[in-house]
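Heavy-atom basis, side chains included; hydrogens, waters and symmetry copies ignored.
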Amino acid sequence: MTDRIKEFLARNCEDGPRLVVDLDVVRENYLGFAGALPDTRVFYAVKANPAPEILALLAGLGSCFDTASLTEIEQALAAGATPDRISFGNTIKKEKDIARAYALGIRLFAVDCEAEVEKIARAAPGAKVFCRILCDGAGAEWPLSRKFGCAPDMAARVLERAHALGLVAHGLSFHVGSQQPNPRMWDRALKVSAAIFRDLAERGVQLAMINLGGGFPARYLKDVPAIKTYGQTIFRALRRHFGNRIPETIIEPGRGMVGNAGVIQAEVVLISRKSDEDKSRWVYLDIGKFNGLAETMDEMIRYPIRTAFDDDALGPCVVAGPSCDSVDVLYEKEPYLLPVSLEIGAKVLIEGTGAYTTTYSSVGFNGFPPLKSYVI
Ligand SMILES: *Cc1c(COP(=O)(O)O)cnc(C)c1O
């Protein structure tokens, strides 16, 4: 919670949940990444928060952009990024979207199988491709599991095929899982990557780049290591596996770039109990899974919730959203402690909500509008 956000909320009273993002924090985060990994280009993962003000700030600071769709490519271009600073990083793309991206000047594409390589060879001849390798996301609070990437031996084949089809087999990528609290998780993926580099070099294909992905955490309830620690640990792993022939590297932070820059102000709509014996209070907010807090799915992301009564005694609560869907419960398996003095109508601040909130909110389930957002 920054003073600028506090002042904004005090000056602008209005009903309904709203996100306020402080650009000063985004700038600090960008400079933090650039300083922690000085020889690494930053590709901001646009999906985390595509607000035009955020993209324009980052474009001005020299950031590149990782995009997943034509719309995100257009958003990055509109913010001032040139096409050489944009990657089409989704491994699942329609061929006509690849062609359109190519026409817009995009030359860097992600793949994880030969069928996607063939699409790119047809629709974006001569472009650079990097192959995503599977990474189990162990330890991450929002793991990305098996949907993206292929096994290491297949990655070598995919890139060999790209080379044969006239594309530039540029490198490898992986993602250690979002909200990854352990900087050592990059080590194993880099070891596997180095083996693929050697294997392909023997077959006459020289890779140049490693995309280290995202995964850099935002601080929620638990402390997380500083970005400096990630930078040092990753650099040591690069040295260990590549010696003094470290390839070009890029990172794709999303959550780590904007998560801690945003605060949602919400309101307590109802506090009740389900029976006279009920030990937990049910606290219903005007925000839930369908209008901004989708990442509470399976109670994976636990946001800090601040109230004006935080010095009072705490008691266990089930926290739920306002919609008429029973999955719209934020925290129940692990009850959330809130002040016993919390009242209906009280405002609460949900911290660490700059990433993966606005874009995840539905167009209007139950008539609750998408999350309002202010970037200051
Ligand atoms: C979502 C995504 C990211 C950003 O991940 P964070 O954990 O938010 O940093 C980076 N790269 C790719 C390919 C992604 O899909």
Side-chain angles (χ1 to χ4, degrees), residues 1 9 15-21 48-49 140-143 177-179 181 217-222 224 254-255 258-275 278-310 312 314-373:
M1 178 70 165
L9 288 171
D15 197 35
R18 51 194 174 141
L19 168 70
V20 187
V21 175
N49 190 328
E141 287 175 27
W142 187 265
S178 201
Q179 189 68 9
R219 193 186 183 289
Y220 297 112
L221 281 173
K222 278 181 254 159
V224 292
R255 187 187 306 279
V258 292
N260 68 339
V263 174
I264 289 172
Q265 186 182 56
E267 186 181 316
V268 177
V269 181
L270 180 67
I271 302 177
S272 63
R273 290 182 200 267
K274 298 294 169 192
S275 69
D278 200 350
K279 293 208 172 51
S280 288
R281 288 164 298 157
W282 282 67
V283 174
Y284 300 90
L285 304 176
D286 60 356
I287 186 167
K289 278 199 166 65
F290 298 105
N291 58 344
L293 301 182
E295 283 206 311
T296 57
M297 203 185 295
D298 294 331
E299 307 195 15
M300 280 197 268
I301 299 293
R302 279 180 92 78
Y303 295 106
I305 303 176
R306 310 279 176 221
T307 75
F309 314 94
D310 283 349
D312 297 351
L314 303 176
C317 297
V318 176
V319 183
S323 73
C324 298
D325 189 314
S326 56
V327 306
D328 191 11
V329 173
L330 309 180
Y331 304 117
E332 179 175 22
K333 276 182 263 165
E334 200 184 320
Y336 201 101
L337 293 176
L338 288 170
V340 293
S341 48
L342 188 65
E343 287 168 354
I344 292 172
K347 298 281 189 203
V348 301
L349 295 170
I350 309 172
E351 295 184 335
T353 42
Y356 304 120
T357 49
T358 51
T359 42
Y360 267 153
S361 82
S362 74
V363 293
F365 180 55
N366 264 175
F368 296 107
L371 181 59
K372 265 187 269 178
S373 157

Please tell me if the side chains of Val268 and Glu343 come closer than 4.5 Å, counting only heavy atoms from C-beta onward. no
Val21 and side-chain contact (heavy atoms from CB on, under 4.5 Å): which partner among Val258, Asn49, Thr353? Asn49
Taking all heavy atoms of Leu330 and all of Gly321, pick out the closest pair and write down the distance. CG-N, 4.4 Å
Do Val20 and Val263 come within less than 4.5 Å of each other through their side chains, counting heavy atoms only? no
Looking at Ala355 and Glu295, what are the two nearest heavy atoms and their distance? O-OE1, 4.4 Å
Using only atom types and a distance under 3.5 Å, with no angle test, would you say the side chain of Asp325 pairs donor to acceptor with the backbone of Val327? yes
Quick one: does any side-chain atom of Asp286 pair with a main-chain N or O of Glu267 as donor and acceptor, under 3.5 Å? yes
NZ of Lys274: more than 12 outside heavy atoms within 6.0 angstrom? yes
Stepwise, does the side-chain contact (heavy atoms from CB on, under 4.5 Å) test hold for Val319 with Leu285? CA-CA 7 Å; Val319 183; Leu285 304 176; 3.8 Å; yes
Rounded distance [0.5 Å steps], CG in Asn366 versus CG in Asn291: 10.0 Å
Close side-chain approach of Glu299 to Val329, heavy-atom, < 4.5 Å: no
Should Gln179 and Met300 count as side-chain neighbours, where that means a heavy-atom distance under 4.5 Å? no
Non-hydrogen side-chain atoms of Ile350 and Thr357 separated by less than 4.5 Å: no
Sub-3.5 Å donor-acceptor pair from the side chain of Tyr331 to the main-chain atoms of Tyr303, do we have one? yes
Atom NZ of Lys222: over 12 foreign heavy atoms under 6.0 Å: no
Between Ser272 and Tyr284, is a side-chain contact (heavy atoms from CB on, under 4.5 Å) present by the stated rule, with each step listed? CA-CA 9 Å; Ser272 63; Tyr284 300 90; 3.6 Å; yes
Taking all heavy atoms of Arg302 and all of Tyr220, pick out the closest pair and write down the distance. O-CB, 3.2 Å
I'd like to know if the side chain of Ser280 and the backbone of Val318 have a donor-acceptor N/O pair within less than 3.5 Å. no
To the nearest 0.5 Å, tell me how far Lys372 NZ sits from Ile264 CD1. 12.5 Å
If we only count heavy atoms from C-beta on, is the Asp328 to Pro322 side-chain gap below 4.5 Å? yes
Closest non-hydrogen contact found for Ala218 with Gly259 is CB-CA, 4.2 Å
Where Pro339 and Leu314 come nearest, the two heavy atoms and their spacing: N-CD2, 3.6 Å
Any non-hydrogen side-chain atom of Val348 less than 4.5 Å from a side-chain atom of Val283? no
Would you confirm whether Asp278, through its side chain, and Arg273, through its main-chain N or O, come within 3.5 Å as a donor-acceptor pair? no
Are any of the side-chain heavy atoms of Pro370 and Thr358 separated by less than 4.5 Å? no
Measure across Phe309 and Ser341 and return the closest heavy-atom pair with its distance rounded to 0.1 Å. CB-OG, 3.3 Å
Under 3.5 Å, side chain of Tyr336 to main-chain N/O of Ile305, donor-acceptor pair present? yes
Test your reading of the model: is there a side-chain donor-acceptor pair from Arg306 to the backbone of Met1, 3.5 Å cut-off? no
Are the side chain of Arg281 and the backbone N or O of Leu342 linked by a donor-acceptor pair below 3.5 Å? no
